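Take a look at the structure set out below.
Chain A is the first sequence line, chain B the second, and so forth, proteins listed ahead of strands; every chain is numbered from 1. Just so it is clear, the structure is predicted and the values come from calculations on it, not from any experiment.
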Amino acid sequence: MFALVDGNNFYASCERIFQPRLRGVPLVVLSNNDGCAIARTAEAKALGIKMGQPAHELKQLVKHQGLQMRSANFALYGDISARVVTILRDEAPRVEVYSIDESFLDMTGIRDREAFAHRLRTKVHRWTGIPNCIGIGPTKTLAKAANKAAKSGAGVVDLTEPDRRAQVLATFPTTDLWGVGGKWGMRLANMGITTAAQLRDAPPDTILREFGVVLARTQRELQGHACIELEDVAPDKQQIMVSRSFAERVKDHQAVAQALATFAVRACEKLRKAGLVAGGVWIFVHSDVFRAELPQHHVNRSISLPVATADSRAVLSIVTRLLHGALKQGVGYKKAGVALLDLGRPEKRQADLFASASAANSKLMEALDGINRKFGRGVAGLGATGWKERPEWGMRQNMLSPNYTTRSSDLPLINC
DNA sequence: TCTGGGGTCCTAGGACCC
DNA sequence: TCTGGGGTCCTAGGACCC
C-alpha cells in the first residue's frame, strides 16, 4: 500500500511562504534565464497560462491581470523540500523521495489511512507552508492517480476500495496517468482508449505488443497488481549532467571554454558528494536552435577514461581536450553542457597499474570541497573557469527572490 | 529582445563470440 | 514448408518522468 505526497504548484508555493503578498494572486516561476513558465499557481492556470509558455508571451498578463513572475530559485526550493521530507520521515516507516516535490510513503500497517493522510497533510502545510495533496492506492500508479484526483479539492483520496477506484478510473484521462505521455496518449486514443479504465481493461497482449513492457506494467498496476516497488534507498546515479543556456549568444571561444570548465567543476563536486567516480565524459555546445536563420553548429563529443576519476583537474583537462578545435568562428553559441558518464563506486573500479598513487589528489579535492562548503560555493576553485563575477555566458535571473532559508545576509530581519 | 535542466528505462540493430 | 543456434556488449534513439 502506497501514498504519494505532492506539494501543490511547488515552486510557486515556496515563493509564497516568505512573500505573503504573492498569496491569492496569479504567480508563475520561470525557468533558468527567465525563459518560460515552469510552475503556476491556480490563479495563473486560470489565466490560461500553459506549462512551458515563453515568458515574453506573458507580458500583457503582467500589465493587465496583475500576474507576478519570479526567477527560479532552486536553492530555496531544495531547502524547503528537505524540510518536507524530514516531516514525512518522522511519520512514515519508509519514504522514497521521488522528486523535489513528491514522495512515496509505505502505508503498510497504517490502519486508518485516510485519517493518517489528513493529519499528515495538515502537518506539512502548517510546519512548512507548503499546501499539498495525498493520494493512496495499492500500487504506485494508483497512488499517483489518487493524488491527481485529490488535487481537485478533496486533498486526500484513497483508491484502495474497488468501487471508489472504478468510479475514479472511469473518467480519468490516460494522459494524466503516470507513465503515459503525449505520444502514447495519442496512439492509445487512436485505438479508442482514452480513460484509465479502458486501458486497465484492454487486451494485455495488445498493449504489450504495441507499447512494450513499460505500458504493460502500467496496465498491471491499474489492475491493482503492484509491479513497482518502493525505493527508499536511492540507487547510485548513472550519470551527472550540468548544462545551461546562455543569456546571450556567445561567439568568444574562450568564454565558451570557461562555461564548460565551470560546468565540469560543478559536475565533479556533485560526483564527489555522491561518493562516485566517472568513467567517461561528454560535452556538447549548441548554437541558437530557435534562430534557424543564424549559422548553426552542434558540438557533441565524448570519451571513455582509462582510469575512473572524481578529480576536477583530470576532468577539466579532458574537457579542454574534447573542446579543442571544436568551435567555429562566427557562430553564436547558446547552450552548453558537461556530463559525467559510466559512474561507479571507486572501490569497485579497476586500479591503474601504471598510475602514480592518487591518494594525494583526493585529499586536495576534499580540501577544496571543504573550503567551498564552509565559505560558499566558488570561494576556491580552478582558474580555467574564468572566475568572473558576471561572465558573458551567465544566466539571466532578473526576478530572483532572496535565499530566505540558506543565506543569512538575504534575511531583511538580520540586517539591523 | 524572446523557448529549462535535469534524469531513467527500453528497444532495435550491429558487431562480435563460440 | 522450415534459413544453425545460441549468447554478450555497445550504441542510438525514443519514450517517459519531474
At under 4.0 Å between heavy atoms, what does [X] touch on the DNA or RNA strands: base, sugar-phosphate, or nothing?
X: Lys59(A); answer: base
X: Phe10(A); answer: nothing
X: Arg291(A); answer: sugar-phosphate
X: Val213(A); answer: sugar-phosphate
X: Glu102(A); answer: sugar-phosphate
X: Gly182(A); answer: sugar-phosphate
X: Ile100(A); answer: nothing

Cut-off 3.5 Å, no hydrogens considered: what does the side-chain donor-acceptor table look like for residues 317-330 of chain A, sequence neighbours left out?
unit_1: Ser317(A); atom_1: OG; unit_2: Ala314(A); atom_2: O; d: 3.2
unit_1: Thr320(A); atom_1: OG1; unit_2: Leu316(A); atom_2: O; d: 2.8

Inset, instruction - Convert the base pairs of DNA chain B into dot-bracket notation, remembering that pairs crossing earlier ones are written with [ ] and that bases paired across to another strand are shown as |; include only Watson-Crick or G-U pairs under 3.5 Å. - result: ....||||||||||||||
Legend entry - 5' to 3' contact window, DNA chain C with chain A (heavy-atom distance under 4.0 Å):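 Reading along DNA chain C, I get dA15(C) to dC18(C).
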Inset, instruction - Run through Arg249(A), Gln296(A), Lys335(A) and flag the one making a side-chain hydrogen bond (donor to acceptor under 3.5 Å, both in side chains) with Asp288(A). - result: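 By the side-chain hydrogen bond (donor to acceptor under 3.5 Å, both in side chains) criterion, Asp288(A) pairs with just one of Arg249(A), Gln296(A), Lys335(A): Arg249(A).
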Inset, instruction - Determine the minimum heavy-atom distance between Gly185(A) and Thr175(A), stating which atoms define it. - result: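 Answer, listing the atom of Gly185(A) first, then Thr175(A): CA-CG2, 3.8 Å.
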Inset, instruction - Considering non-hydrogen atoms only, spot the tightest contact between Arg121(A) and Asn132(A) and give its length. - result: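 Nearest pair, atom of Arg121(A) first, then Asn132(A): NE-O, 2.5 Å.
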Legend entry - Separation of Ile130(A) CD1 from Tyr77(A) OH (nearest 0.5 Å):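 Tyr77(A) atom OH to Ile130(A) atom CD1 measures 10.0 Å (nearest 0.5 Å).
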Legend entry - Arg272(A) side chain vs Ala310(A) backbone, donor-acceptor pair below 3.5 Å: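 Yes, because the side chain of Arg272(A) sits within donor-acceptor range (under 3.5 Å) of the backbone of Ala310(A).
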Inset, instruction - Run through Leu188(A), Thr141(A), Ile193(A) and flag the one making a side chain to side chain contact (heavy atoms under 4.5 Å, CB included) with Val180(A). - result: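 For Val180(A), the side chain to side chain contact (heavy atoms under 4.5 Å, CB included) test succeeds with only one of Leu188(A), Thr141(A), Ile193(A), which is Leu188(A).
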Inset, instruction - Can you spot which of Leu61(A), Leu58(A), Val29(A), Asn398(A) makes a side chain to side chain contact (heavy atoms under 4.5 Å, CB included) with Met69(A)? - result: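 By the side chain to side chain contact (heavy atoms under 4.5 Å, CB included) criterion, Met69(A) pairs with just one of Leu61(A), Leu58(A), Val29(A), Asn398(A): Leu58(A).
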